[in-house]
Every structure is written in C-alpha cells, then in structure tokens.
Amino acid sequence: MPRKMKDSGIEWIGEIPEDWRLVKFKRFAKSGMGATILKENLLPDDSSDDRIPIYSATNTDKVFGYISDSVVKLKKNDFVIPARGNSIGYITLVRDQIATCTQTTIYSKISNINHKFLFYCGYGLKDYWFEFDQTAIPQITVKQVDNNFVPVPDKIEQTRIANYLDRKVALIDSIIEKTKQTIEEYKAYKQSLITEVVTKGLNKDAKMKDSGIEWIGEIPEDWEVVNPRRFFTVRRDRASINDQQLTSSQKYGIVTQKEFMEIESKRVVVVQKNYAILKKVLRNDFIISMRSFQGGLELSGKEGSISSAYVVITPNEKIFSKFYKWFFKSVKYIDALQSTSNLVRDGQAMRFSNFTQIPIVLLPLAVQAFLSEYLENITYRINIIILKKQQLITELENYKKSLIYEVVTGKKEV
C-alpha cells in the first residue's frame, strides 16, 4: 500500500511522507569556514611528523599539502563543501582527520541525525540548496547551507535509507569508474596508434632502417628523417580587413572567433581597427601557439587572420598537411618538442626555432595522404566509442542524483 504523502510547502522538495519533518540543516551540525593556511606552514614532503592532510577546495579527491597543526581540524564523518572552485557545492564526507582552507565551508559535531543520511541529502538536493552568489568568482556561504531544509524521517528509516543508498551508489560508482578506465584505455590506444602509424606506416612487411633518432626508432626504408626547416617556412603576410579572425584551440583546433565564443559561451578580444597587427592564415598552414609545447601545434582548415602572438608556418609542395597534423600530435613528438625548452613557466611560448630543432619524417606524398585518411577514419571510430562511454557516464551520474533525490525526499520507498 502506497505511503501517505503531504505537501512539504517547499516547491523543489514537493511532497514528503506524512510522518516526515522538515528541519533546517543548522540544527544538525556546527558550521564554519576553513582556516587560512600559509605556504610557510606546510610540511616538507619527507617530514616524519604527525601530518594532517589539507583538503583541496577545487578538487574533492585532492590533498594539496600537509600541516602539523591547524586551528580547524575535521574528523571522520564531518562534512566539507567547497565554497568556490571546480567542485563548488559538492558535499564530501571526511574519511579521516583533515584540515581545510578558507575556500571551504565545514560542518562538524553532526548529531541527532544519521550522518550518512544527511550526506545523501546534501548530494541529492545540491542543485536546489545552492544559488551561487554571482560575483566575479561564484561562491556559497555558510548561511546558505544552514538555512536549507532537510526532510527528516525517524532514525530507523534514516539508517535504512543510508544503507540502501550505500549499496546502490557503490554499484553505480563502480560502473562509472570502470567506464572511465575504459575511456582512458581507448585514449591511450589512440595515441599509441597515431605514433605507430606516423613513424612506421602500415606495411608490416616493409624493410626497415634505423632513423638515427631515438624517439622515432626504425622507419621504412624509403622514408627519410629531415629538418623541418627544409619544408616549412614562416608566413609573414599581414591580414586584410576582410579576413575573419581565428582562434587556435587544442580542444577545437582552428576555429573562427565567432564559433569559439558560441561554443564556449564567452567573449574573446576581437581586433576592431588595427588589422595590421594580425597575421594572415591560409588553409593548410600550421599555427604555433603558446600551448604548442603541450601539443597545440594546430592545422588550419580555414583562411583568415590570427593574433601576432602566434607563429604561422606554411608547408611546401612535398608536405601533405593533414598527415603532419597527426605527426605533430603524436606523444613522442610532443615529448621531443618539450625537450627544446626548459619550461620555466607554464604557458611558455614556443618559437619557430624550437620547431626546427626536432626532425620529422619525410615519406612519399601519396603515402602521406593514404596514412592521413587511415588515421582520420580509425580515430573517428575510436572517438565515437569514447563519446558513447562519456554519455553513459553522464546518464549514470544523472540517474544517481535522481535516485538519491527520490529516496531522501521519501518519494521512493526502500
């Protein structure tokens, strides 16, 4: 027989079982903010002292340092909620003693309620509990959490719900984790395949020779190892007023600034007057950007203009650009490219002089085209598999959130 329900009086909670109560969160826990932790207070990595891990506000799985003592200490079964950053609003159950930084809200001395049930309420009701302050950096406050309502059954049902969700969530999380591992395996396979094809080709019976370059290894007998300066030059043409302005992105490749702003839902600087500071880009040119050391050497499929902060290089007639798009994305090539820089700071600009220090392979033009098409096709199929698995993770995450919401509000009886 279905349980009797009543209107909670709160729109986002809706109906709750007739014998449940609504109680503000602050009735169950002592709240506050994390402590100010200075770099000079951190213990060295090899310290043998009793160390308290410091919780990261931006990544709920990350510890960013250790301290010997702290004004704010949390113990097992306390809660931490990042007040800003990538994990804003995601409640975390403390597994052991930790300290927290000022970018987290904290909840300790949890009483008069099953702590696991309260944790699941925080997880399932997160989207309704928090309306982030729309400042330059979105954030939440202790007051926002304290004044939210928790639907509360009796202690026996709290425990039953917590145990049920422990089992269900563990199963869902296990599937999610295995799916993530599979995605990483496919990504690794794709990278390995790219490197293999661009340095060895596809003919397993081809006679091989030593390339003389350690990271390239053996290559087919009719391939060469050459200096890219022979086949690539810097394009120095200036843009014209009619050229569409382009953006170089590792995520999207070379796209127009309009496309980039639409995809990312954010604005970028667009030159309105002095077009002479922009560089001309033609189809099949490559763009060397600040991030090229991390694999951001991008092939342009568009004609347009780009910021003078970029280096535009153009290939000669012996180069099939789409093949070298793959060559420049191979992991071993990127590692070799990084060896030309001391990488003193993140985002250090790569120059044409760095590019010319790393040898490339030269193979017959027809073979370049064939291998390029092969990689386009097979990586497309791999990417489709990865996309479907990512969609599965999204569906599982949504199902988990929906299940928890239904159970902690009493709409689903367990």
Side-chain angles (χ1 to χ4, degrees), residues 187 190-191 193-195 197-199 228-229 231-239 243-264 266 268-271 277-316 319-338 340-341 343 346-361 368-369 371-373 375-380 382-383 386:
K187 287 180 177 178
K190 182 173 72 171
Q191 286 296 336
L193 181 67
I194 291 170
T195 299
V197 171
V198 299
T199 59
R229 191 185 292 275
F231 304 96
F232 291 88
T233 55
V234 176
R235 184 180 295 284
R236 303 188 184 280
D237 305 336
R238 292 297 172 185
D243 286 331
Q244 58 183 346
Q245 293 180 45
L246 306 175
T247 292
S248 178
S249 160
Q250 285 191 62
K251 192 173 181 180
Y252 310 113
I254 305 297
V255 295
T256 66
Q257 289 191 336
K258 181 181 178 182
E259 289 170 334
F260 184 81
M261 288 187 284
E262 288 174 352
I263 296 170
E264 289 286 310
K266 63 183 180 183
V268 295
V269 177
V270 179
V271 174
I277 68 172
L278 298 174
K279 294 180 177 179
K280 183 79 172 180
V281 179
L282 296 182
R283 287 181 181 84
N284 295 324
D285 283 348
F286 285 88
I287 309 296
I288 297 178
S289 70
M290 284 174 47
R291 295 289 179 183
S292 294
F293 283 120
Q294 285 76 45
L297 211 164
E298 304 296 339
L299 171 65
S300 179
K302 301 176 183 293
E303 181 175 333
S305 62
I306 202 159
S307 165
S308 57
Y310 296 90
V311 178
V312 182
I313 58 176
T314 183
N316 67 17
I319 296 295
F320 188 76
S321 292
K322 288 183 179 179
F323 171 80
Y324 287 92
K325 174 188 78 171
W326 296 109
F327 186 86
F328 296 148
K329 289 293 183 180
S330 65
V331 173
K332 289 186 177 180
Y333 175 81
I334 294 169
D335 289 344
L337 203 57
Q338 289 177 351
T340 68
S341 168
L343 292 174
D346 185 39
Q348 181 174 336
M350 174 180 155
R351 305 183 185 279
F352 186 66
S353 58
N354 299 104
F355 172 73
T356 58
Q357 290 180 49
I358 303 304
I360 62 173
V361 294
Q368 293 180 38
L371 295 179
S372 170
E373 185 176 1
L375 286 171
E376 289 285 352
N377 291 333
I378 196 166
T379 57
Y380 174 79
I382 295 171
N383 288 340
I386 291 172

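Sequential numbering from 1 along the given sequence is applied to the chain's residues.
Aromatic ring pairs are classed by plane angle as parallel below 30°, tilted from 30° to 60° and perpendicular above 60°; the pair Tyr333 and Phe328 is tilted.
Gln368 contributes a side-chain N or O that, together with a main-chain N or O of Phe320, makes up a donor-acceptor pair within less than 3.5 Å.
Val361 and Val198 make their closest contact through CG2-O, 3.5 Å (heavy atoms, listed as atom of the first residue, atom of the second, distance). Annotation for Leu193 and Ile382: closest pair CD2-CD1, 4.4 Å, computed over non-hydrogen atoms. Shown here for Tyr310 and Ser248, the closest heavy-atom pair between the two residues is CE2-CB, 3.7 Å. In terms of heavy-atom proximity, Pro315 sits nearest to Phe232 at CB-CE2, 3.7 Å.
Residue Ile334 holds its CD1 atom at 8.0 Å from CG of Leu337, rounded to the nearest 0.5 Å. The distance from the CD1 atom of Ile288 to the CZ atom of Arg351 is 10.5 Å, given to the nearest 0.5 Å. Between the OG atom in Ser305 and the CG atom in Asp237 there is a gap of 12.5 Å [rounded to 0.5 Å]. Note that the CZ atom of Phe327 and the CD1 atom of Ile358 stand 9.5 Å from one another [nearest 0.5 Å]. To the nearest 0.5 Å, atoms NZ (Lys325) and CD (Glu298) are separated by 9.5 Å. Atom-to-atom distance recorded for Phe231:CZ and Ile313:CD1 is 13.5 Å, nearest 0.5 angstrom.
Annotation: Tyr324 is not in aromatic contact with Phe286 [ring centroid separation under 6.0 Å not met].
More than 12 non-hydrogen atoms from other residues, nucleotides or ligands lie less than 6.0 angstrom from CD of Glu376.
Remark: Lys190 pairs with Asn383 by the side-chain hydrogen bond (donor to acceptor under 3.5 Å, both in side chains) rule, at least two apart or across chains. Every side-chain contact (heavy atoms from CB on, under 4.5 Å) that Arg229 has, sequence neighbours left out, goes to Asn227, Phe352, Thr356. Residues passing the side-chain contact (heavy atoms from CB on, under 4.5 Å) test with Thr314 are Thr233, Arg235, Asp285, sequence neighbours excluded. By the side-chain contact (heavy atoms from CB on, under 4.5 Å) test, Gln191 pairs with Val331, sequence neighbours left out. Listed by chain and residue number, Gln244, Leu246, Thr256, Glu259, Ser300 satisfy the side-chain contact (heavy atoms from CB on, under 4.5 Å) test with Lys302 (two or more places apart in sequence, or in another chain). With sequence neighbours left out, the side-chain hydrogen bond (donor to acceptor under 3.5 Å, both in side chains) criterion links Lys332 to no other residue.
With a 4.5 Å cut-off on side-chain heavy atoms, Val197 and Trp326 do not count as touching. Two residues are said to be in side-chain contact when any heavy atoms from C-beta on lie closer than 4.5 Å; Gln245 and Leu278 meet this criterion. Side-chain contact between Ile287 and Ile254 is present, with heavy atoms from C-beta onward closer than 4.5 Å.
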Walk me through it: do Lys279 and Arg238 pass the test side chain to side chain contact (heavy atoms under 4.5 Å, CB included)? CA-CA 5 Å; Lys279 294 180 177 179; Arg238 292 297 172 185; 4.0 Å; yes
Show, in sequence, the C-alpha distance, side-chain angles and deciding distance for Lys280 and Val312, and conclude whether the side chain to side chain contact (heavy atoms under 4.5 Å, CB included) test is met. CA-CA 8 Å; Lys280 183 79 172 180; Val312 182; over 6 Å; no
